[in-house]
Protein chains: 2
Amino acid sequence: MATTERPESIAADVVVDAAAGARLLAAIRSALPDLRLLDDPVDRESYRNDETAYLQAGLPLAVALPETTVEVSTLVRLAAEHRIPVVPRGAGSGLSGGAAGIEGGLTIALTRMSRVLEIDRANLVVVTQPGILNADLKKAVAAEGLFYAPDPASYEICSIGGNLGTNAGGLCCVKYGQTRDSVLGLEVVLADGRVIRTGGRSIKDVAGYALTHLFVGSQGTLGIITEATLRLHVAPPPRSTMLAFFPSVPAAGRAVAAIIGAGLHPVTLELLDHETILAVDDAFQLGLERDAAAMLLIESDLPAAAATAELAAAVAACEGAEATSIVRAEDPTEADWLRQARRLALRALERQGTVRMEDVGVPRGRVPELLVAIQAAADRHGVRVATFGHAGDGNLHPNFIFEHGDPRAAELTEIVRDEIFAAAIALGGTVTAEHGIGLSRRAALVDQVGADVIDVMRSVKAALDPLGILNPGRVI
Amino acid sequence: MATTERPESIAADVVVDAAAGARLLAAIRSALPDLRLLDDPVDRESYRNDETAYLQAGLPLAVALPETTVEVSTLVRLAAEHRIPVVPRGAGSGLSGGAAGIEGGLTIALTRMSRVLEIDRANLVVVTQPGILNADLKKAVAAEGLFYAPDPASYEICSIGGNLGTNAGGLCCVKYGQTRDSVLGLEVVLADGRVIRTGGRSIKDVAGYALTHLFVGSQGTLGIITEATLRLHVAPPPRSTMLAFFPSVPAAGRAVAAIIGAGLHPVTLELLDHETILAVDDAFQLGLERDAAAMLLIESDLPAAAATAELAAAVAACEGAEATSIVRAEDPTEADWLRQARRLALRALERQGTVRMEDVGVPRGRVPELLVAIQAAADRHGVRVATFGHAGDGNLHPNFIFEHGDPRAAELTEIVRDEIFAAAIALGGTVTAEHGIGLSRRAALVDQVGADVIDVMRSVKAALDPLGILNPGRVI
């Protein structure tokens with residue numbers, strides 16, 4: 001049975017043989033003479049971290065930038081032969097260390113595999129390579145009057161491959177689901193270099209085990225996704241947008257519960273707490289209600305009359321929960337303006353110091369309790385926290401804010417986030433709702449799911465990657 | 001590497017030691033003296049088949065009817081110790097042989113674990129045991145103003161456990177997704193008797209591998225589901241209902257494409273072909289348009305004004321596709337009447353002879369091509385076929401109709417269905433969209449997904465069930 005203690009030193013998990021690395025590079029150069037392969041120390045250094053620079057990441061042996069599935073397959077096969085770990089990487093915007101380098105490992109960056117292969121309007125699907133940015137995919141299908149729903153806040157800088165690896169969320173999950181819910185099929189390079197296809201363009205398909213679902217969210221530890229068939233929607237109308245301000249966090253929670261309880265399906269149902277409201281207003285002078293304890297951003301993407309009815313019902317829910325003021329956008333420009341309040345939240349906080357963002361989720365009715373627990377944990381240790389997130393599906397991002405160079409930042413972050421993780425778990429929730437386990441939450445995963453589930457996950461990992469070369473030390 | 005030839009004789013896959021069986025029964029009686037354990041030959045015989053009596057199923061050693069998870073766990077642990085295969089079984093309404101008996105194996109019928117454990121209105125979830133019938137779960141949550149969406153046509157006689165095992169579909173998948181899309185968490189007895197919990201009540205949770213999704217649709221071959229946490233909706237308004245008749249199959253296909261292409265989300269978008277229309281009208285005198293080549297049943301569950309708009313848009317789509325007539329229900333009673341046309345389809349066909357129902361899916365834009373291929377395959381071999389199904393998501397049920405006692409029925413069924421499977425695969429589709437692989441489609445699964453995918457599925461199976469005791473010979 002696999003051990004399930006909390007890993008003491010994650011960096012020590014993987015040890016790579018340098019001589020084997022040199023042999024691998026020679027084999028790659030021989031097999032793929034045209035491959036772009038970075039082995040200059042400066043280049044390698046720039047692939048050491050993703051957006052989790054605070055984690056102890058390793059310096060890659062080299063960085064390969066394949067352009068075809070065959071190249072990825074060859075790279076993985078050779079890496080397996082030489083027992084060198086492989087780190088698949090998208091745009092490097094991940095928030096869990098899933099693409100952080102492994103010392104002496106081979107990083108495979110999928111950024112050059114960024115083509116849209118087909119937009120199939122009749123079946124409302126797009127077939128794409130993984131390296132494309134989420135925003136570019138959205139733009140490509142929008143040109144055909146179509147809509148790719150998943151919208152991580154980082155959509156302008158994150159890749160579809162990374163979205164698939166983490167099962168990324170975003171603002172419109174509350175209506176359209178997470179990345180997983182848009183995936184119909186995958187092409188995957190297995191740990192021995194074989195290439196398989198799962199699923200296809202059919203919406204319904206129960207032929208065998210749900211391998212597509214298994215690969216989505218596995219952060220490159222079970223296979224490397226080289227192509228995806230994704231579900232599209234007919235482009236919905238422009239959104240109707242409103243803000244509501246509340247005198248207390250529980251009041252905002254009651255509004256969210258009333259909106260969901262009324263059977264409404266807003267496309268956005270986002271919450272900002274008092275600290276975040278202040279930070280956004282300080283930074284961008286949006287004219288928000290600075291005394292409010294919480295603010296909700298609520299949007300509808302229904303056709304005109306239905307959107308009016310949906311937002312009217314949302315207004316009623318907010319008023320019933322004692323909202324102190326409600327602002328409705330009169331036109332798309334004003335809607336963009338209101339939306340800024342949420343879109344700029346992280347940037348506003350980052351003006352105030354060093355920010356460490358977390359990502360916890362609870363059953364959606366328990367958001368007010370989670371907010372109280374987050375504030376209490378931060379207060380206990382004198383840490384400033386500002387929280388915003390996807391209230392409509394129970395997913396909040398507490399942000400710890402430290403003065404630049406604060407020597408206690410790392411230590412206090414660990415302490416406070418462990419207490420918040422414990423609170424989320426106690427509320428029946430999760431230590432990560434959309435960012436992934438990666439390197440940074442492996443210990444918390446054990447706390448959340450327990451030893452037997454870890455054993456099952458390890459057995460799945462061993463079945464698909466018996467040599468343990470695919471992104472080892474990530475997830476489990 | 002596992003062999004991936006098409007299995008010649010499925011019944012020969014599993015051989016059980018009779019002496020070990022006797023020892024297992026003694027061990028069960030000793031460990032669980034209060035368990036209801038059927039070992040009378042007549043009782044056992046009644047658990048030999050599910051709704052696939054045409055398959056060669058085995059006579060179970062005994063049938064256990066546990067009432068608690070601890071009992072299921074003990075049964076599986078003892079079966080593992082004695083190396084006796086276990087067949088988990090719900091209501092026995094399955095259409096793929098997933099619950100068909102194994103000669104000398106232990107059938108565990110979950111029918112007594114049928115309690116709703118909790119309806120959690122604040123979080124819109126229900127926690128239930130698996131033995132409850134789908135219709136009873138719907139009724140229990142409807143009493144609280146809530147809605148459990150998945151609705152297999154057999155919802156009055158099928159269990160939630162069976163729905164989870166097959167990832168069952170139904171009529172409202174087109175709007176609400178398959179069973180999988182309503183599952184947030186599971187309690188599962190593993191192959192060694194350990195009990196794990198996956199997921200929970202949070203909508204978003206990316207902590208580790210998607211084990212919940214892996215168990216859903218695995219037909220009891222990876223674990224036995226003993227509890228499920230399922231997502232609910234606020235009960236939608238009563239449905240608005242219409243029928244449209246078309247002079248040709250392609251015309252009906254164009255109407256479906258126009259409805260989906262317009263961004264409509266009807267809750268029902270069902271198709272009946274000419275043979276099915278005639279059979280239903282003959283049997284129940286509904287006054288359908290008997291000359292029509294195809295009929296669509298279209299329903300909206302939006303609030304009143306929006307439903308009116310949605311059906312008006314659907315009418316426009318049907319008229320644009322040259323519908324010969326359109327009937328709109330004026331009230332709920334008339335809606336029920338129109339709905340009968342689809343609900344009674346199978347029963348109507350069964351009045352005409354022995355019916356064998358198949359279950360294929362294609363990308364939704366290819367439904368007309370699939371209909372043509374189904375008819376052509378049947379015509380080639382002189383077999384009567386009537387097709388209906390879920391046109392909105394590309395899932396059709398061809399029904400082969402033979403005179404009772406026709407000696408060539410089994411042979412012709414095999415030939416025609418293999419040709420239809422090949423056609424579905426050629427159209428980028430699947431050999432089963434909602435009924436499951438079970439016993440009956442194992443060979444076709446290999447044809448659809450190929451040897452490498454089968455290998456991956458086998459490695460997952462071996463990882464979770466190393467002794468091969470969980471429903472062996474099913475799925476893979």
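Naming convention: chains lettered A, B, ... in sequence-line order (proteins, then strands); numbering from 1 in each chain.
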Worksheet item: So which of A:Gln178, A:Arg121, A:Arg197, A:Arg201 has the biggest tally of heavy-atom pairs under 4.5 Å with chain B?
Response: A:Gln178
Discussion item. Any non-hydrogen side-chain atom of B:Val456 less than 4.5 Å from a side-chain atom of A:Tyr209?
Written reply: no
Item to complete: Select, from B:Gly223, B:Ser96, B:Cys173, the one with the greatest count of heavy-atom pairs under 4.5 Å involving chain A.
Response: B:Cys173
Practice prompt. Measure A:Gln448 against the heavy atoms of chain B and call it side chain, backbone, both or neither at under 4.5 Å.
Written response: side chain
Discussion item. If you count heavy-atom pairs within less than 4.5 Å of chain B, which of A:Val216, A:Thr221, A:Thr212, A:Asp181 leads?
Written reply: A:Thr221
Practice prompt. Quick one: pull up CD1 in A:Ile203 and NE2 in B:His390 and give me the separation to the nearest 0.5 Å.
Written response: 12.5 Å
Fill in: Smallest separation among heavy atoms of A:Arg194 and B:Asp452, with atom names
NH1-OD1, 2.8 Å
Discussion item. Is there a side-chain contact between A:Val460 and B:Leu464 in this structure, where contact means two heavy atoms from C-beta onward sitting under 4.5 Å apart?
Written reply: yes
Worksheet item: Which region of B:Val475, side chain (C-beta onward) or backbone (N, CA, C, O), has a non-hydrogen atom less than 4.5 Å from a non-hydrogen atom of chain A, or is it both or neither?
Response: side chain
Fill in: Contact leader toward chain A among B:His233, B:Arg441, B:Met457, where contacts are heavy-atom pairs under 4.5 Å
B:Met457
Worksheet item: So which heavy atom on B:Ala463 is nearest to which on A:Ser459, and how close?
Response: CB-O, 3.4 Å
Worksheet item: Can you tell me how far the NZ atom of B:Lys204 sits from the NE2 atom of A:His435, to the nearest 0.5 Å?
Response: 8.0 Å
Discussion item. Which atoms of B:Asn395 are under 4.5 Å from chain A, going by heavy atoms: the side chain, the backbone, both sets, or neither?
Written reply: side chain
Worksheet entry | Closest approach of A:Gly429 to B:Ser202 (non-hydrogen atoms, all atoms of both residues) | CA-OG, 3.5 Å
Worksheet item: Which region of B:Ala207, side chain (C-beta onward) or backbone (N, CA, C, O), has a non-hydrogen atom less than 4.5 Å from a non-hydrogen atom of chain A, or is it both or neither?
Response: both
Item to complete: May I ask you to name which of A:Leu211, A:Leu190, A:Thr198, A:Leu184 has the most heavy-atom pairs under 4.5 Å with chain B?
Response: A:Leu211
Worksheet item: For chain A, which of B:Asp205, B:Asn167, B:Val195, B:Ile196 has the most heavy-atom pairs under 4.5 Å?
Response: B:Asp205
Worksheet entry | Between CZ on residue B:Arg180 and CZ on residue A:Arg180, distance to nearest 0.5 Å | 8.5 Å
Discussion item. If you count heavy-atom pairs within less than 4.5 Å of chain A, which of B:Gly217, B:Gly208, B:Gly361, B:Gly394 leads?
Written reply: B:Gly208
Fill in: Contact winner vs chain B - A:Val206, A:Leu222, A:Leu302, A:Thr430, heavy-atom pairs under 4.5 Å
A:Val206
Worksheet, complete the sentence: Residue from B:Asp393, B:Ile437, B:Val431 scoring the most non-hydrogen pairs under 4.5 Å with chain A is B:Asp393
Worksheet item: Between B:Thr166 and chain A, which part of the residue has a heavy atom less than 4.5 Å away: side chain, backbone, both or neither?
Response: backbone
